[in-house]
Undergrad: 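One structure, pasted below without further comment.
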Amino acid sequence: MTGPGIYLANTVAMWTALVPGARILPGHLEAERPRSTRVVLRDRAAAPALNSRLATLAPDRILQVEDVFGVLYPPPGSRSTRMPVMDRPISPGISNKSDLSVKADLSVKAVDTPAELEFAERIMVDGFPLPAHQPLVPGRTLPPHVLTTPGFRVWRSGEGAAAYTFDDGAAVGLYWLATLPEHRSKGLARRLLTTAIAAHPDRVFTLVATPEGRPLYESLGFTEVATATWHTRPPKNQPVLRNAG
């Protein structure tokens, strides 16, 4: 599979598993969260019908629309951001040798308790940041069921970096890799990502990169396969929020 197909399959499966009641509709996915609605265009041929729906969808919530084909019109009142979709082919042998400057006690781990999940959730919400989830309500961004839902793994690197991955059986998607400002430039994100890759040696990895994260991903073998356009529209009479999540 080439182009954005690997990423699209993974993110649709991930949102379906993350959000109870998420709906796979003809050509797109809709997932409603307490403060936001996520829409993912799955089929470019569905763009005309979805354009009409977006004009009136979720007026009381933040609306975030993900378009990897670049064919949707921005919903009225939205702000648009373009970011690369990047894949990394199966390539065993990743090591952490380049991360020896990180203190030995700042190890990477897959979290497995509600308290650890809340800690990692806070790093992602504050480090990315994700304004739609601030102030943090524990469990609203990453509900406790991710600890037991097949495919999900939430990772923490020391006290300052966190992310989660989702394995759909064919590829692993990396989501919300974030480092708190006071912990940046210490190699924590690199250590987390190399550990996650090493945990899935038989999987392609896929993600959407921010400008800040792109150099790290390129250094670990990720290449751009598409450019995604994200349209973020606030609720009525509220200012635009980016990175709604």
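Residue indices begin at 1 and follow the sequence shown.
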Undergrad: Taking Val65 as the fixed residue, which of Thr229, Leu57, Leu72, Asn51 is the one that meets the side chain to side chain contact (heavy atoms under 4.5 Å, CB included) rule?
TA: Leu72

Undergrad: Might you work through the side chain to side chain contact (heavy atoms under 4.5 Å, CB included) test for Gln64 and Arg233, ending with a clear yes or no?
TA: CA-CA 6 Å; Gln64 189 159 59; Arg233 189 219 65 202; over 6 Å; no

Undergrad: Do Asn10 side-chain atoms and Ala171 backbone N/O form a donor-acceptor pair below 3.5 Å?
TA: yes

Undergrad: Would you say Arg82's side chain and Gly70's backbone share a donor-acceptor pair under 3.5 angstrom?
TA: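 Checked: no pair found.
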
Undergrad: Side chains of Leu29 and Val39: closer than 4.5 Å at any heavy-atom pair?
TA: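 Of all side-chain heavy-atom pairs linking Val39 with Leu29, none is under 4.5 Å.
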
Undergrad: We want to know whether Thr179 and His183 form a side-chain donor-acceptor pair, criterion being a heavy-atom distance below 3.5 angstrom.
TA: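 On atom types as modelled, these side chains do not qualify, holding no pair under 3.5 Å.
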
Undergrad: Considering non-hydrogen atoms only, spot the tightest contact between His145 and Thr149 and give its length.
TA: O-OG1, 2.6 Å

Undergrad: So does Gly158 get a backbone contact from the side chain of Arg156, meaning a donor-acceptor N/O pair under 3.5 Å?
TA: yes

Undergrad: Measure from the side-chain N and O atoms of Thr11 to the backbone N and O of Tyr7, and report whether any donor-acceptor pair falls under 3.5 Å.
TA: no

Undergrad: With distance as the sole test, does Arg44 use its side chain to make a donor-acceptor pair with the main-chain N or O of Asp67 at under 3.5 Å?
TA: no

Undergrad: Could you tell me whether the side chain of Arg35 reaches within less than 4.5 Å of the side chain of Arg140, counting heavy atoms only?
TA: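 Side-chain contact under 4.5 Å: yes.
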
Undergrad: Take Thr37 and Glu32 through the side chain to side chain donor-acceptor pair (under 3.5 Å) test and state the conclusion after the steps.
TA: CA-CA 4 Å; Thr37 295; Glu32 291 189 354; 4.5 Å; no

Undergrad: Quick check against the 3.5 Å criterion: does Ser157 have a side-chain atom that pairs as donor or acceptor with the backbone of Leu188?
TA: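 Checking the backbone N and O of Leu188 against the side chain of Ser157, a donor-acceptor pair under 3.5 Å is found.
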
Undergrad: Should the ring pair Phe152 and Tyr164 be called parallel, tilted or perpendicular, given that the plane angle runs from 0 to 90° and is split at 30 and 60?
TA: tilted

Undergrad: Indicate yes or no: at least one non-hydrogen side-chain atom of Leu174 is less than 4.5 angstrom from one of Leu177.
TA: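 Yes - at least one pair of side-chain heavy atoms lies under 4.5 Å apart.
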
Undergrad: Per the side chain to side chain contact (heavy atoms under 4.5 Å, CB included) rule, which among Arg153, Glu121, Glu116, Glu118 passes with Val111?
TA: Glu116

Undergrad: Looking at Tyr73, I'd like to know if its OH atom is crowded, meaning that more than 12 non-hydrogen atoms belonging to other residues, nucleotides or ligands lie closer than 6.0 Å.
TA: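 No, because the 6.0 Å sphere around OH of Tyr73 holds 12 heavy atoms or fewer from other groups.
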
Undergrad: From the options Val172, Ile6, Leu220, Asp167, select the one residue that forms a side chain to side chain contact (heavy atoms under 4.5 Å, CB included) with Phe205.
TA: Val172

Undergrad: Do Lys109 and Trp155 come close enough that some side-chain heavy atom pair is under 4.5 Å?
TA: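 A side-chain contact is absent here, since even the closest heavy-atom pair is not under 4.5 Å.
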
Undergrad: State, yes or no, whether a side-chain contact exists between Glu66 and His231 at a heavy-atom distance under 4.5 Å.
TA: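 SC-SC contact between Glu66 and His231 ruled out.
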
Undergrad: Are Arg88 and Tyr217 close enough that some pair of their side-chain heavy atoms sits under 4.5 Å apart?
TA: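 When only atoms from C-beta onward are counted, Tyr217 and Arg88 do not touch, as no gap falls below 4.5 Å.
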
